[in-house]
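To keep things clear, I will list the structure first and then write my remarks on it.
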2 protein chains.
Amino acid sequence: MRTDRAKAPGQQPPLTQEALVGAALLVLERDGLDALSMRRVAAELGVQAPSLYWHVRNKEQLLDLLADALVADAVPPPREGGWREQLRAYCHLHRRHLLGKRDAARVVAGRFNLGPSLLVILEDQLDRLREAGFPAAEAALTSYLLGNYVAGFVLQEQSPLSAAEAVGQATRTEVVNAARDHLQQLPADRFPNLVALAAELSEPDMEDRFAFGLERILDGLATLLEPAPGTR
Amino acid sequence: MRTDRAKAPGQQPPLTQEALVGAALLVLERDGLDALSMRRVAAELGVQAPSLYWHVRNKEQLLDLLADALVADAVPPPREGGWREQLRAYCHLHRRHLLGKRDAARVVAGRFNLGPSLLVILEDQLDRLREAGFPAAEAALTSYLLGNYVAGFVLQEQSPLSAAEAVGQATRTEVVNAARDHLQQLPADRFPNLVALAAELSEPDMEDRFAFGLERILDGLATLLEPAPGTR
DNA sequence: ACCTGAACACCGTTCAAGT
DNA sequence: ACCTGAACACCGTTCAAGT
């Protein structure tokens with residue numbers, strides 16, 4: 001085997017943080033997060049693993065940098081329409097963006113690092129929110145809420161449904177069917193709702209689920225911004 | 001060293017899935033998720049690592065079981081007050097419950113396995129939602145939304161703020177202060193909102209953030225259930 | 001300043017072999 | 001049926017040593 005070295009033909013590009021992140025992006029996309037090791041990133045650069053530690057404190061820091069790189073090429077929606085339309089577009093784009101990159105949500109979710117790319121997005125979002133009339137504190141809270149919602153949702157969405165699927169021993173629809181059957185065969189006296197809603201619960205139309213949650217949040221933000229007539 | 005064996009004085013309790021899960025819970029609470037290895041769980045049971053594979057397909061399956069065990073002792077809120085109060089209480093309890101167990105959100109979030117304990121909670125939630133007048137499909141979507149929100153939120157909340165904190169080289173307030181300073185020193189012409197909102201963005205009053213998002217969601221569900229007067 | 005070799009202390013998982 | 005020993009193919013990280 002011995003594929004460790006001589007893999008990258010030209011290793012003239014100097015080893016920098018950006019080079020590490022580029023290699024990490026490549027490994028992530030090609031091999032997935034579980035296979036993303038320091039050794040493999042190093043091999044991608046034609047270098048030994050310990051060399052990376054000169055440019056990066058540890059793997060966690062590399063993952064922080066990777067997370068920021070994953071949102072670097074996100075494209076904000078056009079600045080037209082009301083704040084609702086803009087936030088909706090923002091979230092749908094963000095979801096699509098994460099879904100387009102392998103294991104992206106697993107890297108991004110639960111990682112609070114204010115990298116340069118994220119700062120640009122955050123600034124843009126806050127600006128739109130302020131312009132829409134959101135007070136400062138509420139704008140910050142809203143931005144956090146939306147980012148959290150999208151990342152958390154896609155995390156679920158990108159995760160294997162079960163250990164069986166993760167290991168490739170069952171396809172996604174097999175798992176879904178098994179789940180529905182399982183729910184339907186529960187004792188109807190103890191779990192009437194699960195039995196009745198077996199299909200809705202097990203068949204994950206993620207598009208619908210995402211839109212549902214997002215519209216609830218947008219509605220909630222609307223009543224915050226424009227309280228219902230007669231409330232004040 | 002050799003602490004592998006003879007650690008558990010009585011290994012008479014037969015090796016079962018429940019025993020594995022119990023040991024895994026113990027290791028998780030004591031050593032954290034990063035230290036939760038098959039070998040360590042086995043050691044906890046006075047047994048060799050390969051033995052576990054007789055009772056469990058692989059580590060993923062053990063984590064699935066662990067995730068369900070983590071919500072097994074969740075206590076649903078009292079069944080009094082309107083649906084809003086009940087859902088609010090549900091989510092706050094769920095958050096507190098996850099926060100109370102080390103790395104719990106990291107195990108639970110992004111893992112969709114319908115274990116027995118989760119089924120009980122789901123049934124109870126659906127029942128309350130149906131009783132409150134939610135149509136079947138909306139009840140299922142709402143339950144998913146809330147579960148996703150809480151798990152995703154706590155995942156962020158329980159995660160280290162940066163690689164520095166993870167490695168114990170900086171305290172949480174040090175990281176927060178550094179983040180605030182970083183935001184404040186950004187060029188004010190390009191990042192006016194980040195500079196202005198530096199404090200709000202970097203000082204994470206997680207209690208507030210959680211409540212804010214939750215109230216928005218509840219408001220959104222309210223307008224779904226009881227459309228604003230004059231809308232129809 | 002930057003990279004390598006060798007090593008340490010681990011991993012998850014398989015599989016023949018034991019009982 | 002259930003557990004062990006030994007092994008395979010890996011990990012992240014440190015550190016002296018090289019250039």
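Protein chains get the first letters and strands the later ones, always in sequence-line order, with residue 1 at the start of each.
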Nearest to the side chain of [X] - [options]?
X       : options               : answer
A:Asn58 : D:dT13, C:dC3, C:dT13 : D:dT13
B:Ser51 : D:dC3, D:dC11, C:dC3  : D:dC3
A:Gln48 : D:dG12, D:dC3, C:dG5  : C:dG5
B:Pro50 : C:dG12, C:dG5, C:dT14 : C:dT14

A cation-pi test, strictly: NZ or CZ of A:Arg209 under 6.0 Å from the centre of the six-membered ring of A:Phe153 and no more than 45 degrees from its axis. Yes or no? no
What is the distance, rounded to the nearest whole Å, between atom [atom1] of [X] and atom [atom2] of [N]?
X       : N      : atom1 : atom2 : result
B:Tyr53 : C:dC11 : OH    : P     : 11 Å
A:Leu45 : C:dT4  : CG    : P     : 11 Å
A:Met38 : C:dC8  : CE    : P     : 21 Å
B:Arg57 : C:dG12 : CZ    : C1'   : 15 Å
A:Lys59 : D:dT14 : NZ    : P     : 14 Å
B:Asp34 : C:dG12 : CG    : C1'   : 16 Å
A:Leu62 : D:dT13 : CG    : C1'   : 14 Å
B:Glu60 : C:dC11 : CD    : P     : 17 Å

Atom CG of A:Leu197 and atom CZ of A:Arg180: how far apart are they, to the nearest 0.5 Å? 13.5 Å
At under 4.0 Å between heavy atoms, what does A:Ser37 touch on the DNA or RNA strands: base, sugar-phosphate, or nothing?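 Here A:Ser37 touches the backbone only, sparing every base.
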Does any nucleotide pair with C:dC3 by Watson-Crick or G-U wobble geometry, both distances under 3.5 Å, and what is it? none
Return the pairing partner of C:dC8 with a 3.5 Å limit on both distances, Watson-Crick or G-U wobble; otherwise return none. D:dG12
P atoms of D:dA9 and C:dC10, separation to the nearest Å: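 Rounded to whole Å, the distance is 22 Å.
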Any side-chain N or O of B:His55 less than 4.0 Å from the OP1 or OP2 oxygen of D:dC3?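 Checking D:dC3 against B:His55, a side-chain N or O does come within under 4.0 Å of OP1 or OP2.
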Within the structure provided, determine whether A:Arg106 and A:Asp34 are in side-chain contact (heavy-atom separation under 4.5 Å). yes
Could you tell me if the ring centre of B:Phe210 sits under 6.0 Å from that of B:Tyr149?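 Yes - the distance between ring centres of B:Phe210 and B:Tyr149 falls below the 6.0 Å cut-off.
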Name the residue from A:Asp73, A:Val71, A:Leu28 that meets the side-chain contact (heavy atoms from CB on, under 4.5 Å) definition with A:Lys101.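 So the option named by the test is A:Asp73.
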Return the 5'-most residue of the pair A:Trp54, A:Arg39 with respect to DNA chain C, ranking by each residue's nearest nucleotide.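 Nearer the 5' end of the strand: A:Trp54.
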